[in-house]
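Quick caveat, the model's predicted, so the values are computed rather than measured.
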Amino acid sequence: MAGTMEVAMLWSGSGQGQIRSFANSRATRQGGTHVDGFRDGVTAAVTAYARERGLLAADNDPCADRITKGLTAVVSVKLDRPEYLGATHELLGNTDVRGCVRQAVREHLGNWLEPPTTRAA
């Protein structure tokens, strides 16, 4: 992916949340590959954290909807060559963005979830 990404997120106990997304400062109201990658990354990080601590059975994979319940987030990517889908350009279609965002979110959220004593210096 030739570009950058920024993510801000907050979980609340309300059970309601939303994900706002942007590509090159343009709102992508219908989401796109960057939002899919974000959800994939959050799901992977939380699932790995729960498995490592024995909080989740080995044969139980929680769905992204359960994990992101109550999550409010902003996902923004700035790409050299954005590929929009649809007539209104509200859906990002760059296929490589999904994997890049997933990997970055999983890594950074996974590091954040680690207790301070086990984080790498």
Side-chain angles (χ1 to χ4, degrees):
M1 176 178 106
T4 61
M5 72 165 233
E6 295 177 307
V7 172
M9 53 193 286
L10 172 71
W11 265 290
S12 70
S14 71
Q16 295 181 3
Q18 69 173 337
I19 298 174
R20 297 285 313 252
S21 60
F22 299 87
N24 289 16
S25 300
R26 178 185 295 210
T28 52
R29 289 173 181 69
Q30 296 179 13
T33 54
H34 56 319
V35 175
D36 295 339
F38 171 75
R39 287 179 199 232
D40 293 348
V42 169
T43 301
V46 171
T47 300
Y49 175 83
R51 283 198 202 292
E52 289 171 5
R53 281 149 190 80
L55 303 172
L56 189 62
D59 60 345
N60 187 6
D61 278 332
C63 66
D65 290 340
R66 286 186 62 198
I67 290 175
T68 58
K69 185 177 182 180
L71 176 65
T72 299
V74 177
V75 180
S76 176
V77 294
K78 300 216 187 230
L79 305 171
D80 292 345
R81 294 192 174 117
E83 296 171 10
Y84 297 101
L85 304 175
T88 59
H89 294 253
E90 292 184 349
L91 181 66
L92 186 67
N94 297 65
T95 56
D96 56 337
V97 170
R98 183 175 186 162
C100 291
V101 172
R102 178 191 191 283
Q103 180 180 354
V105 169
R106 180 172 189 208
E107 179 181 333
H108 290 281
L109 182 56
N111 288 340
W112 184 83
L113 288 169
E114 287 294 317
T117 58
T118 62
R119 289 183 189 161

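The NE2 atom of His108 lies 13.0 Å from the CG atom of Leu113; values are rounded to the nearest 0.5 Å.
Between Val7 and Met5 the shortest side-chain heavy-atom distance falls below 4.5 Å. Side-chain contact between Leu109 and Met9 is present, with heavy atoms from C-beta onward closer than 4.5 Å. When side chains are defined from C-beta on, Thr33 does not count as touching Glu83, because their heavy atoms never get closer than 4.5 Å.
With sequence neighbours left out, the side-chain hydrogen bond (donor to acceptor under 3.5 Å, both in side chains) criterion links Ser25 to Lys78. Residues that satisfy the side chain to side chain contact (heavy atoms under 4.5 Å, CB included) test with Ile19, not counting sequence neighbours, are Val35, Phe38, Arg39, Ala73, Val75. Residues satisfying the side-chain hydrogen bond (donor to acceptor under 3.5 Å, both in side chains) criterion with Ser14, sequence neighbours excluded, are Ser12. Residues forming a ring pair (Phe, Tyr, Trp, His ring centres under 6.0 Å) with Phe22 (at least two apart in sequence, or on another chain): none. Partners of Thr28 by side-chain hydrogen bond (donor to acceptor under 3.5 Å, both in side chains), not counting sequence neighbours, listed by chain and number: Ser21, His34.
Pairing each heavy atom of Leu91 with each of Gln30, the nearest pair is CD1-O, 3.5 Å. Contact detail for Arg81 and Asn94: the closest heavy-atom pair is O-ND2, 2.9 Å. For Pro82 against Leu92, the heavy-atom pair with the smallest separation is CB-CD1, 4.2 Å.
The cluster map of Ile, Leu, Val, Met, Phe, Trp and Tyr, joined by side-chain heavy atoms under 4.5 Å apart, puts Trp112 and Trp11 in the same cluster. Residues Val105 and Leu71 share a hydrophobic cluster, clusters being chains of Ile/Leu/Val/Met/Phe/Trp/Tyr side chains in contact below 4.5 Å.
Residues in residues 62-72 take part in no side-chain hydrogen bond (donor to acceptor under 3.5 Å, both in side chains) pair, two or more places apart or across chains.
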